[in-house]
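First the structure, in the form of structure tokens, and then the observations on it.
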2 protein chains.
Amino acid sequence: MTTSRPGTGERPPGERGDLLDERCPTRQLLDRIGTKWTSMTVKVLAEETPGEVRFAELRRRIPGISQKMLSTTLQSLVRDGLATRRVESTVPPAVHYGLTELGLSLERPLAALRDWAETHMPEIDRNNQAADGSSAD
Amino acid sequence: MTTSRPGTGERPPGERGDLLDERCPTRQLLDRIGTKWTSMTVKVLAEETPGEVRFAELRRRIPGISQKMLSTTLQSLVRDGLATRRVESTVPPAVHYGLTELGLSLERPLAALRDWAETHMPEIDRNNQAADGSSAD
DNA sequence: CCGCATCCAGGAGGATACTG
DNA sequence: CAGTATCCTCCTGGATGCGG
């Protein structure tokens with residue numbers, strides 16, 4: 001595979017007769033940021049913007065990510081034009097990643113979502129526990 | 001299965017040695033709104049708020065969704081406290097769904113994301129096509 | 001009308017090992 | 001150090017059919 005990205009279905013144009021909004025931009029965006037590591041990667045890159053972060057440094061700052069997923073995620077971001085990739089062709093190669101303007105602009109609504117999450121997820125957790133307890137007990 | 005929700009992994013506590021922050025609120029939120037139908041369902045419900053929408057009506061307004069997924073998605077929303085469920089115990093039962101305050105509050109950052117998507121997804125699409133064309137040709 | 005149960009395919013993503 | 005390839009597992013979610 002040469003052009004596959006993690007969360008994207010590569011939908012061929014005109015396969016359906018009606019437009020189902022699977023093409024709707026929001027769905028496409030969620031297919032991207034909904035993948036497990038994308039939003040966190042964007043966040044870490046955003047923290048260093050306008051600076052850059054090396055591959056290994058990213059790995060360190062995203063606990064639990066594998067090289068494969070970090071690599072795949074970064075490829076998606078670069079391909080989407082959300083991140084930049086700069087290779088230093090030294091003997092042990094050093095690759096630096098950064099956010100583009102586009103990527104940085106995505107960080108804003110993403111931060112709003114994060115903010116909502118931090119404010120309200122505890123309540124959602126409590127709601128779930130309440131739902132658990134009321135049928136069981 | 002009794003308590004499964006679409007996008008949630010229901011991670012048993014202590015199955016891993018050291019949990020990474022899969023527990024971080026943003027991840028949990030994205031696990032929810034990242035599921036295929038959640039955001040659209042919230043959107044449709046939000047459009048009718050403070051009114052309610054019946055099950056069949058929701059199905060009609062979310063093209064392509066199956067009853068199973070609509071049912072599952074709604075259960076998640078209700079369980080999370082984002083939506084309400086009201087049953088009219090008539091002979092053919094009628095079930096009405098609505099958004100809670102919490103659900104409505106989520107709609108705002110979600111709308112911001114939608115706005116970003118509609119503005120910038122075309123650019124992302126172009127970036128992808130450019131990436132396709134440059135290695136081929 | 002509403003929803004659940006079952007079956008099933010496809011894809012995300014983790015572990016590991018190997019290249020430049 | 002940075003990345004690729006392979007294998008494998010689990011989960012999402014689509015199709016269908018039954019039950020209240």
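The analysis underlying the following values was restricted to heavy atoms, covering all of them including side chains, and did not include hydrogens, waters or symmetry mates. The chains referred to below are lettered A, B, ... by the order of the sequence lines, with proteins before strands, and numbering in each begins at 1. The model shown is predicted, which means the values in this text are computed figures rather than measured ones.
Distance check, rounded to the nearest 0.5 Å: CG of A:Leu77 to OG1 of A:Thr100 gives 9.0 Å.
Comparing D:dA2, C:dC2, D:dG14 by their closest approach to the side chain of B:Met69 singles out D:dG14. Taking the side chain of A:Ser71 as heavy atoms from C-beta on, and the options D:dG3, C:dG20, D:dG14, the nearest nucleotide is D:dG3.
Whole-Å rounding puts the A:Arg32 CZ to C:dA12 P distance at 12 Å. Rounded to whole Å, atom P of D:dA2 lies 12 Å from atom CD of A:Glu52. In this structure, B:Glu88 places its CD atom 22 Å from P of D:dG20, rounding to the nearest Å. The CG atom of B:Leu30 sits 16 Å away from the C1' atom of D:dT12 (whole-angstrom rounding). Distance, A:Arg86 CZ to D:dC1 P: 18 Å, rounded to whole Å. For B:Gln75 and D:dT12, the CD to P distance is 14 Å, given to the nearest whole Å. Put simply, CG on B:Leu70 is 10 Å from C1' on C:dG3, counting in whole angstrom units. With rounding to whole Å, B:Ile65 atom CD1 is found 14 Å from C:dC2 atom P.
Under 4.0 angstrom from either OP1 or OP2 of C:dG14 there lies at least one side-chain N or O belonging to A:Trp37. Here B:Thr35 does not reach the OP1 or OP2 of D:dT12: none of its side-chain N or O atoms lies under 4.0 Å away. OP1 and OP2 of C:dC1 both lie 4.0 Å or more from every side-chain N or O belonging to B:Arg54.
Of the residues near DNA chain D, A:Arg60 and B:Ser66, the one whose nearest nucleotide (by heavy atom distance) lies more toward the 5' end is A:Arg60. When the nearest nucleotides of DNA chain C are assigned to A:Val91 and A:Gln67 by heavy-atom distance, the more 5′-ward of the two goes with A:Gln67. Positionally, the nearest nucleotide of DNA chain C for B:Ala56 lies more toward the 5' end than for the other of A:Gly34 and B:Ala56. Mapping A:Lys68 and A:Tyr97 onto DNA chain D by nearest heavy atom places A:Tyr97 closer to the 5' end of the strand.
Side chain of A:Thr49 to backbone of A:Gly51: no donor-acceptor contact under 3.5 angstrom is found. Remark: the backbone N or O of A:Glu123 is paired with a side-chain donor or acceptor of A:Asn127 at under 3.5 angstrom.
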Determine, step by step, whether A:Thr38 and A:Thr41 satisfy the side chain to side chain donor-acceptor pair (under 3.5 Å) criterion, reporting the C-alpha distance in whole Å, the side-chain angles of both residues, the deciding distance to 0.1 Å, and the verdict. CA-CA 5 Å; A:Thr38 304; A:Thr41 305; over 6 Å; no

Tell me, with the steps shown, if A:Arg61 and A:Glu48 meet salt bridge (charged side-chain N to carboxylate O under 4.0 Å, His left out). CA-CA 12 Å; A:Arg61 292 176 59 174; A:Glu48 292 306 309; 3.1 Å; yes

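Residue contacts for B:Arg85: at a heavy-atom cut-off of 4.0 Å it reaches the sugar-phosphate backbone alone, with no base atom in range.
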